[in-house]
Amino acid sequence: MMRAKIQAFGRFLSGMVMPNIGAFIAWGLITAFFIPTGWIPNEHLGKLVGPMITYLLPLLIGYTGGKMVHDVRGGVVGAVATMGVIVGSDIPMFMGAMIMGPLGGYVIKKVDEALKDRIPAGFEMLVNNFSAGIVGMIVTLLAYSAIGPVVLGLNKVLAAGVQAIVNMGLLPLASIFIEPGKILFLNNAINHGILGPLGVAEVAQKGKSIFFLLETNPGPGLGVLLAYWLVGKGMAKQSAPGAIIIHFFGGIHEIYFPYVLMNPILVIAVILGGATGVFTFAALGAGLVATPSPGSIFAEIAMAPKGGLIPVLAGIAFSALVSFLVSSLLLKRFGQDEEDLEAAKQMVSQLKGGKVHDAAKGTKIRKIVFACDGGMGSSAMGASVLRRKIKEAGLDIEVVHTAINEIPDDADIVITHRELTARAKAKAPGAEHVSIETFVNNPIYDELVKRLKK
């Protein structure tokens, strides 16, 4: 229960950031190219950096947070409310945006509920516009005079604490929390909800940040998959090469989580690998200019600052090496024997998710939707796999991927990770819902196609 609540809260935080990753990357690229220490310094174009981090990015987060609570009206009021904390501070207000965006959306939602069915005919537009305007004014004044200063003080305390940890050389210990958190599918919450805002604030001061590397480092997962490929057995060994490509080059880290869950003791390997990477990053002064999303080696390279590529690659390489060596030793010592392989397969099948709920019964299926937090990454990968199977079966069914909050109304079947199914059902109550644990090599796809053909 506690884990579910933490996941829900973390996904809500990351849900405000993930749809806007493109804007963060655009800002990061502008920063990398045009600041005085960039690839091609340009004073005129470099003037874009400050306004984008001060106004654009927090406003996008505030709008998205409000929209998550109360659609477009919530987004508008959330963005207006975010201006209160932006103007009332002298630092990028990402934390303030994450507070005021949803708060603004919540307030206007309650006002709309109170006014429902009480507006005289013909006055709907007038009342709706002025209610949003009045609520926006009130929450903006509240943010500017009260909430902004509190968030500013809290931000300075957190920044001082993080800096103290960095100064004491204890940052590698963060892997003790980050790596197991990733395995529990909190990766997006950790990266986009916590580390991302810290990294953006640090980039504004130093031009790069190590925080962008802590969760996105593909090294630990690569080491685990390489170990399965070289010393593993059976199904895990056979599927590891394909998983390596998806994980390391595609940046879909969720692909290696089941491999760790098959042998939970491997969490030691990813922790040690992650800590080694962080230590290397810190020792060599590595950092990125923006969040690499997804966490592909190509994205890591693209977000590296001028002259900063070698430290980034070194940290990834050393983390992968340590993770591989430790994983290999643990698999040889604690991995399943051949006679236990069938039990391992059953365990993985269980992790891959439950049942297909009579999806093909009753109505004509025209659209299947894969949904995840951001509508990218794992859902895109799953949609690609099922789309190919649907095409091979000769079925005329559209397969798309989207964010949970943007599931289309005409979705007939919605496929989500089991931790997200409850949210998907709330968004699309009329659709058939399928819960899965992993988005590749999943037997549920074949079962679904077989039922649809009937």
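Every value quoted in this text rests on a predicted model; they were computed, and no experiment measured them.
Aromatic ring pairs are classed by plane angle as parallel below 30°, tilted from 30° to 60° and perpendicular above 60°; the pair Y445 and F370 is perpendicular.
Proximity of V267 to V270: side-chain heavy atoms (C-beta onward) are separated by under 4.5 Å at one or more points. Between V326 and L330 the shortest side-chain heavy-atom distance falls below 4.5 Å. Side chains of L329 and R333 form no contact here, defined as non-hydrogen atoms less than 4.5 Å apart. You'll find the side chain of I297 stays beyond 4.5 Å of the side chain of L222, heavy atoms only. V200 has its side chain out of reach of F211: every pair of non-hydrogen atoms, C-beta onward, lies at least 4.5 Å apart. Between C372 and T416 the shortest side-chain heavy-atom distance does not fall below 4.5 Å. Under the 4.5 Å side-chain criterion, counting only non-hydrogen atoms from C-beta, F212 is in contact with V203. In this structure the side chain of L195 reaches within 4.5 angstrom of the side chain of I178, judged on heavy atoms.
Residues passing the ring-ring contact (aromatic ring centres under 6.0 Å, His included) test with H247, sequence neighbours excluded: H253, Y256. Residues satisfying the side chain to side chain contact (heavy atoms under 4.5 Å, CB included) test with L309, not counting sequence neighbours, are I301, A304, L313. Checked against ring-ring contact (aromatic ring centres under 6.0 Å, His included), F298 has the following partners two or more places apart in sequence or in another chain: F249. Every residue was checked against the ring-ring contact (aromatic ring centres under 6.0 Å, His included) condition with F248, not counting sequence neighbours, and none meets it.
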Just list the side-chain donor-acceptor pairs under 3.5 Å for residues 274-286, sequence neighbours left out, or say none.
residue: T276; atom: OG1; partner: L272; partner atom: O; Å: 2.8
residue: T280; atom: OG1; partner: T276; partner atom: O; Å: 2.8

Distance-only donor-acceptor hits, side chain of residues 43-64, under 3.5 Å, sequence neighbours excluded:
residue: T54; atom: OG1; partner: G50; partner atom: O; Å: 2.9
residue: T64; atom: OG1; partner: N20; partner atom: ND2; Å: 3.0
residue: T64; atom: OG1; partner: L60; partner atom: O; Å: 2.8

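Summarising the geometry of V85 relative to M93, their closest heavy-atom pair is O-CG, 3.2 Å, with the distance given to 0.1 Å. Here the closest non-hydrogen pair linking G250 and S296 is C-CB, 3.9 Å. P180 and I271 get closest at one heavy-atom pair: CG-CD1, 3.8 Å. For A371 against V414, the heavy-atom pair with the smallest separation is CB-CG1, 4.5 Å. Between R387 and V399, the closest heavy-atom pair is NH2-O, 2.8 Å.
Put simply, the side chain of H70 never gets that close to the backbone of G104: no donor and acceptor are under 3.5 Å apart. The backbone N or O of I265 sits nowhere less than 3.5 Å from a side-chain atom of N263 that would complete a donor-acceptor pair. No donor-acceptor pair under 3.5 Å is formed between the side chain of S175 and the backbone N or O of E179. Between the side chain of K427 and the backbone N or O of I407, no donor-acceptor pair lies under 3.5 Å.
Rounded to the nearest 0.5 angstrom, N217 CG and S323 OG are separated by 9.5 Å. Rounded to the nearest 0.5 Å, atoms OG1 (T82) and CD1 (I99) are 10.0 Å apart.
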### Task
For the pair M303 and T291, evaluate side-chain contact (heavy atoms from CB on, under 4.5 Å) and give the outcome as yes or no after the intermediate values.
CA-CA 7 Å; M303 293 296 105; T291 299; over 6 Å; no
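Other residues, nucleotides and ligands contribute over 12 non-hydrogen atoms within 6.0 Å of the NZ atom of K237.
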